[in-house]
Amino acid sequence: MNSLSSGLIVKLKEIVGENWVVQGEDLVAGYVLDETPPPIRPQPNLDVVVVKPNSSEEVSKVLKLANEYDTPVFPRGGGTGLVGGCIPTAPGIVLSLERMNRIVIDRDNLIAEAEAGATLRDLLNASDEAGLFFPPHPGDEGAQIGGLIACNAGGSRAIKTGVMRNYVRGLEVILPNGEILKLGGKLLKNNFGLDLMQLIIGSEGILAVITKAWIRLYPKFPATATLVIPFESRTVAVKAVPKILHAGILPLALEYVERIPIERSAERLGLKWPCKIGESFLIVILAEQSNEALYAQCERLLSLCEELNSLEPLLAESREEQENILKIRSEIYSSLKPDMVDILDATVPPASIGVFMDKVEEIAKRYNTYLPSYGHAADGNIHVHIMKEQGWSMEDYDRVRNEIYAAAVELGGTITGEHGIGYVRRKSVGKFLNPMYVRLMKEIKHIFDPKNILNPGKVLP
Ligand SMILES: Cc1cc2nc3c(=O)[nH]c(=O)nc-3n(C[C@H](O)[C@H](O)[C@H](O)COP(=O)(O)OP(=O)(O)OC[C@H]3O[C@@H](n4cnc5c(N)ncnc54)[C@H](O)[C@@H]3O)c2cc1C
């Protein structure tokens with residue numbers, strides 16, 4: 001039993017049905033965590049009730065009720081977030097949209113109308129079945145549409161195809177007072193008023209609950225190839241990135257990885273990293289509309305390798321080999337996680353990535369620690385991992401993190417290019433964001449949510 005009013009619980013059951021209101025510490029346990037590394041993950045408050053509405057009208061009624069009872073509401077997607085954004089940190093309602101997972105594809109308009117609880121996997125499958133393609137691929141396919149939009153997720157394909165913000169054409173949202181608002185729609189152009197839709201994209205559940213989205217799809221890329229280009233050192237690998245782009249090659253993904261973490265990931269999966277030579281690697285995925293265009297890009301890239309000072313490049317021969325390379329890349333996070341304190345996603349202007357990584361290496365040396373780094377090289381978005389060190393306190397880890405953030409910001413970058421602020425980056429907001437920016441954010445929050453019902457304690461310092 002929990003401290004929430006029994007009147008509130010009765011009314012919640014009337015709104016969504018008895019079976020969709022979950023109480024009790026054991027039963028809510030699966031709804032109070034996310035993928036944030038445990039050493040920095042906030043302690044969830046178990047004094048919560050999980051509510052699973054099945055329609056926008058039900059979400060609206062739940063929010064009206066929460067207002068009436070002054071009860072916090074924590075919107076939850078797939079729980080794949082890395083900054084504790086969906087974790088309930090006070091007694092209240094965890095709003096899980098998992099039952100709202102319908103997707104309708106409008107082939108003529110190349111638009112998916114997706115409910116917020118559909119997963120990325122659902123959207124990829126539905127698009128594929130309709131002969132279309134949803135280009136972005138933020139790493140975990142269990143993430144939900146609502147969560148992806150609330151975090152403006154990015155991923156490895158952003159270099160060619162952009163981030164969530166570039167695909168959302170319309171949103172249906174429920175405001176904290178329970179009002180239903182539709183923003184945009186199946187439109188490619190819309191200049192009617194301030195763009196509130198773009199304000200809500202990336203708002204991490206503090207301004208409104210997203211219930212439905214109209215998402216732009218694209219024709220499929222029928223021809224794809226995966227190459228691994230090995231280098232003797234990081235410096236040479238990173239220098240190759242702009243040269244690839246200057247040569248007129250725009251890959252679907254251009255990822256930077258290093259031998260130790262990539263081999264650790266392969267080993268954990270029972271696979272072998274296919275490159276025996278080199279310490280640093282660029283994984284290049286090419287995607288084109290025809291085999292001819294693909295061969296031309298492949299040839300251009302392979303002939304460029306000498307100029308890039310690379311070692312012998314590897315072209316994945318089979319689909320299985322392609323998939324294994326991507327699997328090994330996408331599981332690096334899970335393989336490092338047991339020994340990790342934090343995964344950072346500081347982002348710098350792409351041309352500064354080499355200088356940024358030099359600074360990270362210098363910080364690692366000074367603190368006598370290992371900071372494995374990999375990620376979306378062409379976006380200037382490298383994931384630096386702070387690893388557990390014997391005898392270190394949380395203040396020691398904070399010092400290293402702050403130095404990495406300061407290095408990114410000095411280069412014109414940001415402390416987060418993908419994962420957002422959530423709970424764990426809140427204390428950095430005051431330090432690294434302009435005070436006027438913070439003030440405006442607080443005022444906007446107050447306009448949307450004067451009673452601070454929605455995801456309190458997140459994003460704002
Ligand atoms: C292995 C792995 C790889 C990843 N790779 C990437 C990557 O490449 N790029 C990237 O950007 N991220 C990546 N992530 C992070 C994560 O997947 C994204 O942040 C994703 O957008 C979170 O979606 P979710 O549905 O799991 O949201 P949750 O974790 O459930 O919630 C995240 C935030 O969104 C809010 N929210 C959720 N649903 C709604 C809604 N319907 N309305 C309003 N607010 C809502 C929550 O309150 C919370 O603040 C990765 C995570 C993992 C574990």
Side-chain angles (χ1 to χ4, degrees), residues 31-36 42 51 53 56 59 62-63 72-89 92-98 100-101 112 114-120 122-123 134 136-155 158 162-176 180-184 195-215 345 416-426 429 441 444-445 448-449 452-460:
Y31 289 87
V32 295
L33 296 178
D34 67 1
E35 288 294 331
T36 306
V51 177
S56 307
V59 176
V62 170
L63 283 170
V73 175
F74 299 93
R76 181 181 177 84
T80 69
L82 295 166
V83 287
C86 65
I87 296 181
T89 44
I93 297 169
V94 172
L95 190 69
S96 170
L97 298 169
E98 66 196 70
M100 295 175 59
N101 60 358
E115 285 187 324
T119 61
L120 173 60
D122 295 335
L123 179 62
F134 176 63
H137 195 276
D140 193 320
E141 293 184 6
Q144 294 180 2
I145 300 304
L148 291 164
I149 296 172
C151 296
N152 183 31
V163 299
M164 280 310 289
R165 188 181 292 292
N166 306 115
Y167 291 83
V168 178
R169 308 309 319 159
L171 283 183
E172 179 191 76
V173 300
I174 317 298
L175 298 175
I180 302 179
L181 190 63
K182 188 177 171 215
L183 307 161
D195 200 337
L196 298 183
M197 184 183 82
Q198 290 295 342
L199 181 62
I200 285 170
I201 299 170
S203 64
E204 300 187 52
I206 67 164
L207 298 184
V209 177
I210 297 159
T211 45
K212 197 186 277 183
W214 287 268
I215 297 172
D345 62 320
T416 167
E418 283 200 324
H419 305 155
I421 298 166
Y423 182 87
V424 305
R425 309 270 176 255
R426 268 183 337 156
V429 171
M441 289 207 303
I444 290 168
K445 165 72 171 169
F448 273 79
D449 188 11
N452 198 20
I453 295 286
L454 210 50
N455 219 2
K458 308 292 168 57
V459 180
L460 299 166

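Because only heavy atoms are used, hydrogens play no part in the values below, and waters and symmetry mates are left out as well, while side chains stay in.
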**OP:** Measure from NZ or CZ of R76 to the centre of the six-membered ring of F74 and say whether it is under 6.0 Å with the direction within 45° of the ring axis.
**Re:** no

Original post:
Does D122 offer a backbone N or O that forms a donor-acceptor pair with the side chain of T119 under 3.5 Å?
Top reply: yes

**OP:** Measure the spacing between SG of C151 and CG of L82 and express it to the nearest 0.5 Å.
**Re:** 9.0 Å

Original post:
Got a sec, which residues hit salt bridge (Lys or Arg N to Asp or Glu O under 4.0 Å) with E418, two or more places apart in sequence or on another chain?
Top reply: none

Original post:
Is there a donor-acceptor pair closer than 3.5 Å between any side-chain N or O of N152 and the backbone N or O of R165?
Top reply: yes

Original post:
How long is the gap from CD1 on I145 to OH on Y167, to the nearest 0.5 Å?
Top reply: 13.5 Å

Subject >> Main-chain N/O of G420 paired with R425 side-chain donor or acceptor, under 3.5 Å >> reply: no

Original post:
Can you name the nearest heavy-atom pair linking T80 to G142, along with the distance?
Top reply: CG2-C, 4.0 Å

**OP:** Begin with the C-alpha distance, continue with both residues' side-chain angles, and end with the deciding distance and a verdict on side-chain contact (heavy atoms from CB on, under 4.5 Å) for L97 and E115.
**Re:** CA-CA 9 Å; L97 298 169; E115 285 187 324; over 6 Å; no

**OP:** Apply side-chain contact (heavy atoms from CB on, under 4.5 Å) to the pair V429 and L460, showing each step before the final yes or no.
**Re:** CA-CA 7 Å; V429 171; L460 299 166; over 6 Å; no

Original post:
Can you tell me how far the CG atom of L207 sits from the CG atom of N455, to the nearest 0.5 Å?
Top reply: 10.5 Å

Original post:
How long is the span from the CG atom in L123 to the CD atom in Q144, to the nearest 0.5 Å?
Top reply: 12.5 Å

Original post:
Are any side-chain N or O atoms of N166 and backbone N or O atoms of V163, one a donor and one an acceptor, separated by less than 3.5 Å?
Top reply: yes

Original post:
Would Y423 and E204 count as a side-chain contact (heavy atoms from CB on, under 4.5 Å) if you check the C-alpha gap in whole Å, the side-chain angles of each, and the deciding distance to 0.1 Å?
Top reply: CA-CA 10 Å; Y423 182 87; E204 300 187 52; over 6 Å; no

Original post:
Atom CD1 of I201 and atom CD1 of I210: how far apart are they, to the nearest 0.5 Å?
Top reply: 7.5 Å

Original post:
Would you say the side-chain atoms of E172 and T211 include a donor-acceptor pair closer than 3.5 Å?
Top reply: yes

Original post:
Counting N and O atoms only, with roles assigned by atom type, does the side chain of T36 sit under 3.5 Å from a partner on the main chain of V83, one being a donor and the other an acceptor?
Top reply: yes

Original post:
What closest approach, in Å, do P136 and G154 show between heavy atoms, and which atom pair accounts for it?
Top reply: CB-O, 4.4 Å

Subject >> Between NE2 on residue H419 and CG on residue D34, distance to nearest 0.5 Å >> reply: 11.0 Å

Original post:
Looking only at atom types and distance, does a side-chain atom of R426 sit under 3.5 Å from a main-chain N or O of G457, one as donor and one as acceptor?
Top reply: yes

**OP:** Go through I206 and D449 one step at a time and tell me if the side-chain contact (heavy atoms from CB on, under 4.5 Å) criterion holds.
**Re:** CA-CA 8 Å; I206 67 164; D449 188 11; over 6 Å; no

Original post:
Between L454 and K445, which heavy-atom pair has the shortest distance, and what is it?
Top reply: O-NZ, 2.8 Å

